[in-house]
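Each chain gets a letter, A, B and so on, in the order its sequence line appears, and its residues count up from 1.
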Protein chains: 2
Amino acid sequence: MSSKHKSSKTDLAHRSETAPSRLRIVATTDVEPPEADTAVVAGVTDVGALGQMTGYALRRAQISVFEDFIATIAETGLRPAQFSVLVLLDQTPGLTQSAVAAALGIQRANFVTLINELERRGLARREPSLTDRRSYALQLTDKGHTTLKRARELHALHEARVREAVGAENVETLLALLSRLGPGLRR
Amino acid sequence: MSSKHKSSKTDLAHRSETAPSRLRIVATTDVEPPEADTAVVAGVTDVGALGQMTGYALRRAQISVFEDFIATIAETGLRPAQFSVLVLLDQTPGLTQSAVAAALGIQRANFVTLINELERRGLARREPSLTDRRSYALQLTDKGHTTLKRARELHALHEARVREAVGAENVETLLALLSRLGPGLRR
DNA sequence: GTAAAGTGTAATAGTGTATAACAATCGACA
DNA sequence: TGTCGATTGTTATACACTATTACACTTTAC
């Protein structure tokens, strides 16, 4: 699809070739590995070697974090994917369904149901694109903005718990490392 | 991965093996944050603020890593959950279905299908428990062991890619941080 | 102007997970 | 020893998420 999209007010496209700032990771902390050994911890059989496999560790952490996040924003009636769509549309209004889906790694066919629901709840709306009659320009409604605002407050509570669990000084380290695993490992 | 794991007799409960000491995290590395700005990277709209949310970052990383892992062990016909069951049964033979399910965070009702399939493929078997007629003592078959061995080789290739992507010196840091997000954030 | 590509949509299937119910069995204990 | 609550494996079922295919409509490229 065409590159630069809406240049609302936030001037995009100023991607200085050389990364603006390198992030110097210098985390120094004492960490207690939960437990080692092939045994039982709190009545549950230890997963042993599994815990040293990045994939497994990632999955368990992700599930755990999502569990907390979902419970935290439950009052908004939003699920994680819906929340991320609102954040994205708030940041960059006018995106097409395909653009949002691609950015979030969602199949555009599956995105239909998602945006349908957001529209049904009056949180977002499809406006006809002025330049392309095939697509819609997605927008947040006022209700969408207020809901998002509340969701952000709740998300902050959740994020605070995550920071506490992982250690505030280590959060940026974690994010930096995770970003390296972003979409696609070279093969 | 490790070098241990071989003497898979039935001696569980042999504590201490991995240094139960404290893990000193001292990662020092230069990391290029993928890209900043509300813009487009390679034709895809940037997710912006989303990238700073641990949950989102975790999810994307997990999906990416799993994708690679699944593709890598595809030749064994194993899916991640099945692989983890084999690893667990190899490490601790004789576990019951409930024990394995609990250790892996799987609903025991859903584990039935999983072990059924492993048994159907001749990789594991249900032996009658000698002490409890309600449950089974799960075991790997010879075929299960050889399949697991091959899967481990393939997993090593996968893990190597992960290490390269995240930086070999940072892997233990990542694992330590992820373990802190393990099951359940305090609420 | 015609062919190729992109957009939104529906239909469908596959997978993963959660819940409820149930028979068989175990464990505790009066 | 008999009863009752808890546990184990199991089936059935439902829901969320994902992937694939197909299609009409529109845009883009040659």
Side-chain angles (χ1 to χ4, degrees), chain A residues 1-3 5 43-45 55-56 59-60 62-64 66-67 69-71 74 77-85 94-120 124-138 183, chain B residues 43-45 55-56 59-60 62-64 66-67 69-71 74 77-85 94-120 124-138 183:
Chain A
M1 63 169 299
S2 59
S3 48
H5 43 256
V44 179
T45 302
Y56 185 82
R59 183 176 126 79
R60 294 310 290 266
Q62 187 264 311
I63 290 174
S64 172
F66 259 52
E67 212 167 77
F69 177 57
I70 292 172
L78 292 175
R79 282 168 303 138
Q82 299 177 320
F83 172 74
S84 61
V85 170
L95 288 175
T96 65
Q97 295 187 184
S98 288
V100 174
L104 298 180
I106 300 173
Q107 222 65 38
R108 76 181 194 282
N110 294 327
F111 183 74
V112 174
T113 315
L114 212 157
I115 189 67
N116 276 350
E117 176 64 8
L118 292 179
E119 196 171 40
R120 189 192 66 74
R125 61 168 176 270
R126 294 184 239 229
E127 289 192 353
S129 166
L130 303 178
T131 61
D132 189 335
R133 284 182 299 177
R134 288 173 303 181
S135 61
Y136 295 110
L138 302 180
Chain B
V44 179
T45 302
Y56 185 81
R59 185 175 125 78
R60 294 310 291 265
Q62 189 263 311
I63 290 175
S64 173
F66 258 52
E67 211 167 78
F69 178 57
I70 292 172
L78 293 175
R79 281 169 304 135
Q82 299 177 319
F83 173 74
S84 61
V85 169
L95 289 175
T96 65
Q97 296 187 183
S98 288
V100 175
L104 298 180
I106 299 174
Q107 222 64 39
R108 75 182 193 284
N110 295 326
F111 183 75
V112 174
T113 316
L114 214 166
I115 189 67
N116 276 348
E117 176 64 8
L118 291 179
E119 197 171 39
R120 190 192 63 75
R125 59 168 177 269
R126 295 183 238 230
E127 288 193 355
S129 166
L130 302 178
T131 62
D132 188 337
R133 282 183 300 176
R134 290 173 301 179
S135 60
Y136 296 109
L138 303 180

Check: Just checking B/Arg79: base, sugar-phosphate only, or nothing, at a heavy-atom cut-off of under 4.0 Å?
Finding: sugar-phosphate
Report the nucleotide, chosen from [options], that has the shortest atom-to-atom distance to any side-chain atom of [X].
| X | options | result |
| --- | --- | --- |
| B/Ala109 | D/dT8, C/dG8, D/dA12 | D/dA12 |
| B/Asn110 | C/dT7, C/dT17, D/dA19 | C/dT17 |
| B/Arg134 | C/dA21, D/dT27, D/dA6 | D/dA6 |

Under 4.0 Å between a side-chain N or O of [X] and OP1 or OP2 of [N]?
| X | N | result |
| --- | --- | --- |
| B/Arg133 | C/dC26 | yes |
| B/Ser135 | D/dT7 | no |
| A/Arg126 | C/dT9 | yes |
| A/Tyr136 | C/dG6 | no |
| B/Gln107 | C/dA18 | yes |
| B/Gln97 | D/dT7 | no |

Length of the line joining [X]:[atom1] and [N]:[atom2], which is rounded to integer Å:
| X | N | atom1 | atom2 | value |
| --- | --- | --- | --- | --- |
| A/Phe111 | C/dA10 | CZ | C1' | 17 Å |
| B/Leu95 | D/dT8 | CG | P | 12 Å |
| B/Glu117 | D/dT10 | CD | C1' | 17 Å |
| B/Leu104 | C/dT17 | CG | P | 11 Å |
| B/Ile70 | C/dT15 | CD1 | C1' | 11 Å |
| A/Leu130 | D/dT27 | CG | C1' | 16 Å |
| A/Ile106 | C/dG8 | CD1 | P | 13 Å |
| B/Ile63 | C/dT15 | CD1 | C1' | 14 Å |

Checklist line | B/Gln82 side chain vs B/Arg79 backbone, donor-acceptor pair below 3.5 Å | finding: yes
Item checked: Separation of B/Arg120 CZ from B/Thr113 OG1 (nearest 0.5 Å) -> 12.5 Å
Item checked: Result of checking B/Arg125, B/Glu119, B/Glu127, B/Gln97 against B/Tyr136 for side-chain contact (heavy atoms from CB on, under 4.5 Å) -> B/Gln97
Margin query: On DNA chain C, compare the nucleotides closest to A/Arg59 and A/Val112; which residue's is nearer the 5' end?
Written below: A/Val112
Checklist line | 5' priority, DNA chain D, between A/Asp132 and A/Ala81 [closest heavy atom] | finding: A/Ala81
Item checked: Residue pair A/Leu104 / B/Tyr56: nearest heavy atoms and the distance that separates them -> CD2-OH, 3.7 Å
Margin query: To check you understand the geometry: which heavy-atom pair defines the closest contact between A/Ala103 and B/Arg60, and what is its length?
Written below: O-NH1, 3.4 Å
